[in-house]
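This report refers to the structure that appears directly beneath it.
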Amino acid sequence: MERRPIERVRGTQDLGTRGADALDAVRATCERRFAAHGFRRVDVPVLEAAELHLRKSGLEIISKLYAFHDLGGRRICLRPELTASIVRAAIAAPAPRLPDKVFASGPVFRYERPSRGRFRQFFQTGVEVLGAEGPLADAEVIALAGAALDDLGITGHVVTIGNVGILSDVIGRLGLTGRRRAILLESLEEARRHGIDAVRRRLATLDPDAFAPPLSVTDGTPSLPVAGGDAEAMARLVAGTSPGDLGRRTLEDVTARLVARMQGDQSHGSVDRALAFIAELGEVRGNPDAALVAGRALLEAHGLDTGPLAELEKTVDLLEAFGLDRARVRIDLGLSRGLQYYTGMVFEIEHESLGTERQLCGGGRYDDLVRVLGGRQPVPATGFSFGIERLVMARDADAGPLPEIAPATILVVPATAADVPVAIACAAVLRRDGIATALDTSGRAVRAAVTHAARANFPVVVVTSGDDPPGSCRPRALAGDGATGSPPPAPVPVPAANIGAWLDSLGIPRGRGGHHPERES
RNA sequence: GUGGCCGUAGCUCAAUGGCAGAGCACUGGAUUGUGGCUCCAGCGGUUGGGGGUUCAAAUCCCCUCGGUCACCCCA
């Protein structure tokens, strides 16, 4: 029989009490902050139809999706994020009133190469505001993320804000649509990191027609080196047309119109103009004041609507009213973020201590998602998600690791084997009093049990015996004001029902969650 | 997905082709009903897994699994 231990699945982690407590504490701190701002908890499935995430995030994401066929032959996936499910649920059961402010937490899954701060299963917590448009809603969620970080004691972070609506606007005005539009939209960061030529190369690979040379007509013989057989056939058709049939239009004019009609938006000039704009847009970043000026200059130079930039400016101004430190905020018009459903404001929060995987938070506005996922009414929406494991790492870096939490406030130890029933009864009384109480079931000597209690950070140990007056026990403080640090005379019996007040007098909290004062650092 | 580094006791690490070890932790004892310190003792390993070279492998080689760092991408 094979006895080799089963190994953990790659990219997952086993958390002991310390790690699990830290994750839970950080999640709870975030959720408390969300709730304090009027957000309400929702919960959505880990399992979803793969179609949900494919439709939302595009086919590119399929390689990172944990997807499989279930026993009924349905295509299922483990969710890679929470937003899509929340929106799906909101379409299925619309909120009675908008805006609907919700938060959700839970594990998500992405098939990626694991590294420090990156796992295949990890926890997210985040908020969504459904049914609210405009800079105020955007500013609120950004500030909410910042407030949660403040609550956690995280200080070494930077908030970067962009707006993909600007580029989206320009691409639309240039008449670029469909796949080409999608490729251009997602190339913002690529342009900055690898240069505009890298984008050009990728576009040429994925969409060979994008850079078709201009049409030319010589001697009445159209030469149309446009890729695709239909273009040639059309050229012959046009060439065979007598000039008299063309009215006042030239042959070239008609051909160009036909090409445009047949090939939609494939005008190479538009693509080149879009690429040039993308290259410039990616350079606009820095502190809010300077970047906003530069952004406005760029848009005006291209004769473009400065509306999206004005919204961005308003968002940044509102952040100050929300109490977010402006020194922490940066503008980056080249920020596009990976997931393609953002339509306006986008933002991310990075932490200096985390190395390559430094992003704590990502979010933005997604006004089209409800429609994309089948909602009948368009619902403007905005939100963000934290990566909780990364929050734990950032918190530890800025404020030191959380102190260990005691298993319980009191460890009840039977004086001898014969005293076990008394100990059980005593523990029950203490718990009824709201005091987290563990029972020592090891059977070891009292001295060893007390040593164990001290090492395990129990603030109080209680020894019970049938020899004491009924309903009483002998408590001993291992922490707090009553701790002496050396072997004392044996404590006197105290009625178990009075232990709560006794704990209060020593400044020891009753529930689990108190920390051993002498062990904190 | 590409490339580099690493993997030895529960944890942190030694052992440079020649007996697999230390500290911490854990268990018991030193006062048979009360402290973390100290002292004594004990427990603890297919050296990630598999194959190869060698008289001899934790050590060298190959494969594989896992971790990690830099890219890519993202929380």
Side-chain angles (χ1 to χ4, degrees), chain A residues 2-13 16 18 57 60-61 63-64 80-83 105 107-126 145 186 189-190 193-194 198 336-340 348-351 354-363 384-394 411-419 423 440 442 444-468 473-479 482-493 516 518-519:
Chain A
E2 182 60 78
R3 292 299 187 123
R4 187 178 304 159
I6 309 284
E7 289 186 346
R8 216 174 43 235
V9 171
R10 179 169 164 84
T12 63
Q13 46 181 353
R18 197 82 191 256
S57 305
E60 316 272 340
I61 206 75
S63 60
K64 297 189 171 176
E81 44 110 16
L82 300 170
T83 304
S105 305
V108 299
F109 305 82
R110 293 181 196 174
Y111 194 87
E112 295 185 280
R113 183 166 185 159
S115 60
R116 181 174 126 88
R118 167 186 282 184
F119 307 95
R120 288 183 173 178
Q121 173 180 339
F122 60 100
F123 270 84
Q124 283 192 334
T125 186
E186 73 184 15
E189 299 211 359
E190 181 186 23
R193 301 171 78 109
H194 306 290
S336 71
R337 317 220 2 74
L339 300 172
Q340 281 314 294
E348 65 179 25
I349 302 177
E350 296 185 326
H351 195 273
L354 267 52
T356 308
E357 309 300 334
R358 61 178 48 192
Q359 195 175 329
L360 297 175
C361 175
F384 67 81
S385 284
F386 281 124
I388 300 183
E389 288 85 350
R390 293 185 186 174
L391 291 180
V392 171
M393 291 192 294
L411 179 67
V412 172
V413 177
T416 68
D419 299 314
D440 188 309
S442 70
R444 62 190 142 203
V446 168
R447 180 190 176 88
V450 171
T451 300
H452 169 80
R455 288 179 174 168
N457 288 343
F458 283 97
V460 172
V461 65
V462 153
V463 177
T464 58
S465 166
D467 295 343
D468 290 331
C473 58
R474 294 175 187 252
R476 174 92 188 273
L478 302 172
T484 61
S486 60
V492 297
H516 197 301
E518 295 172 38
R519 286 287 174 90

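Just so it is clear: chains get the letters A, B, ... in the order the sequence lines come, proteins before strands, and each one is counted from 1. Computation of the quantities below employed the complete heavy-atom set of this structure, encompassing side-chain atoms and omitting hydrogens, waters and symmetry-equivalent molecules.
Judged by distance alone with a 3.5 Å cut-off, no donor-acceptor contact links the side chain of A:Thr451 to the base of B:G36. The base of B:U32 has none of its N or O atoms less than 3.5 Å from a complementary donor or acceptor on the side chain of A:Arg444. Donor-acceptor pairing under 3.5 Å, judged by distance alone, is absent between the side chain of A:Arg113 and the base of B:G66.
With a 4.5 Å cut-off on side-chain heavy atoms, A:Leu360 and A:Leu354 count as touching. Counting only heavy atoms from C-beta outward, the side chains of A:Phe122 and A:Ile388 never approach each other to under 4.5 Å. Here the side chains of A:Val413 and A:Val450 are not in contact, with every heavy-atom distance at 4.5 Å or above. Looking at A:Arg116 and A:Arg390, their side chains never come closer than 4.5 Å, going by heavy atoms from C-beta outward.
With rounding to whole Å, A:Arg118 atom CZ is found 12 Å from B:A70 atom C1'. Whole-Å rounding puts the A:Glu7 CD to B:G50 P distance at 11 Å. Distance A:Leu354 CG to B:A70 P: 11 Å, rounded to the nearest Å. In this structure, A:Phe109 atom CZ and B:C74 atom C1' are separated by 17 Å, rounded to whole Å. The CD atom of A:Glu81 sits 11 Å away from the C1' atom of B:A75 (whole-angstrom rounding). Across the protein-nucleic acid pair, A:Ile6 atom CD1 and B:C65 atom C1' stand 13 Å apart, rounded to whole Å. Following rounding to the nearest Å, A:Gln359 (CD) and B:C74 (C1') show an atom-to-atom distance of 7 Å. Put simply, CZ on A:Phe119 is 9 Å from P on B:G67, counting in whole angstrom units.
Both A:Arg120 and A:Arg10 lie near RNA chain B, and the one whose nearest nucleotide falls closer to the 5' end is A:Arg10. For A:Glu350 and A:Val9, each mapped to the nucleotide of RNA chain B holding its nearest heavy atom, the one lying further toward the 5' end belongs to A:Val9.
If you check every strand for non-hydrogen atoms under 4.0 Å, A:Glu112 touches a base. A:Asp419 comes within 4.0 angstrom of nothing in the nucleic acid, heavy atoms only. Among the protein residues, A:Asp440 comes within range of no part of the nucleic acid, since none of its heavy atoms lies under 4.0 Å from any strand. Among the protein residues, A:Gly16 comes within range of no part of the nucleic acid, since none of its heavy atoms lies under 4.0 Å from any strand. Nucleic acid contact for A:Gly117: base, since at least one base atom lies under 4.0 Å from a heavy atom of the residue. A:Ala445 comes within contact range of no nucleotide atom at all, as no heavy-atom separation falls under 4.0 Å. Among the heavy atoms of the strands lying under 4.0 Å from A:Glu357 is at least one base atom, whether or not backbone atoms are also near. A:Arg390 comes within 4.0 angstrom of a nucleotide base, judged by non-hydrogen atoms across all strands.
Considering only side-chain atoms of A:Arg455, the nucleotide from B:C26, B:U34, B:G33 that sits closest is B:C26. When distances run from any side-chain atom of A:Arg8 to the nucleotides B:G36, B:G67, B:C73, the shortest one goes to B:G67. The nucleotide whose nearest atom lies closest to any side-chain atom of A:Pro114 is, among B:C71, B:G67, B:A30, B:G67. Counting only heavy atoms from C-beta on, A:Asp467 has its side chain closest to B:G33 among B:G28, B:G66, B:G33. Side-chain proximity of A:Ser465 to B:G33, B:C65, B:G28: nearest is B:G33. Distance from the side chain of A:Val446 is smallest to B:U34 among B:U34, B:C69, B:G36.
Taking atom C1' on both B:C74 and B:A22, the two are 43 Å apart, rounded to the nearest angstrom. Comparing the C1' positions of B:G42 and B:A9 gives an interatomic distance of 15 Å, to the nearest angstrom. Remark: the separation of the P atoms in B:C61 and B:A25 is 37 Å, to the nearest Å. Rounded to whole Å, the separation between the C1' atoms of B:A20 and B:G44 comes to 13 Å. Straight-line distance between the P atoms of B:U8 and B:A15: roughly 14 Å, to the nearest whole Å. Rounded to whole Å, the separation between the C1' atoms of B:A57 and B:U16 comes to 13 Å. One P atom belongs to B:U64, the other to B:C5, and the distance between them is 16 Å to the nearest Å. Remark: the separation of the C1' atoms in B:C60 and B:G1 is 30 Å, to the nearest Å.
Within the structure, every side-chain polar atom (N or O) of A:Arg110 is placed at least 4.0 Å from both OP1 and OP2 of B:C74. For the pair A:Arg474 and B:G33, the criterion of a side-chain N or O lying under 4.0 Å from OP1 or OP2 is not met. The side chain of A:Thr356 contributes an N or O atom lying less than 4.0 Å from OP1 or OP2 of B:A70.
Aromatic stacking of A:Phe386 on B:A75: not satisfied for centres closer than 5.5 Å together with planes under 30 degrees.
Judged by the 6.0 Å and 45° rule, A:Arg120 forms a cation-pi pair with A:Tyr111.
Across all strands shown, the partner of B:G23 is B:C11, judged by Watson-Crick or G-U wobble contacts whose two distances both fall under 3.5 Å. Across all strands shown, B:C71 pairs with B:G1; the Watson-Crick or G-U wobble distances both stay below 3.5 Å. In this structure, B:G18 and B:C55 make a Watson-Crick or G-U wobble pair, each of the two defining distances being under 3.5 angstrom.
Judged purely by atom type and a 3.5 angstrom limit, A:Gln121 has no side-chain atom pairing as donor or acceptor with the backbone of A:Gln13. The backbone N or O of A:Pro80 lies less than 3.5 Å from a partner atom in the side chain of A:Arg110, making a donor-acceptor pair.
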Practice task
Take A:Phe386 and A:Phe384, measure what ring pair (Phe, Tyr, Trp, His ring centres under 6.0 Å) needs, and give me the verdict at the end.
Solution key: CA-CA 7 Å; A:Phe386 281 124; A:Phe384 67 81; 5.2 Å; yes
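Note that CD of A:Gln359 is 10.5 Å distant from OG of A:Ser385, once rounded to the nearest 0.5 Å.
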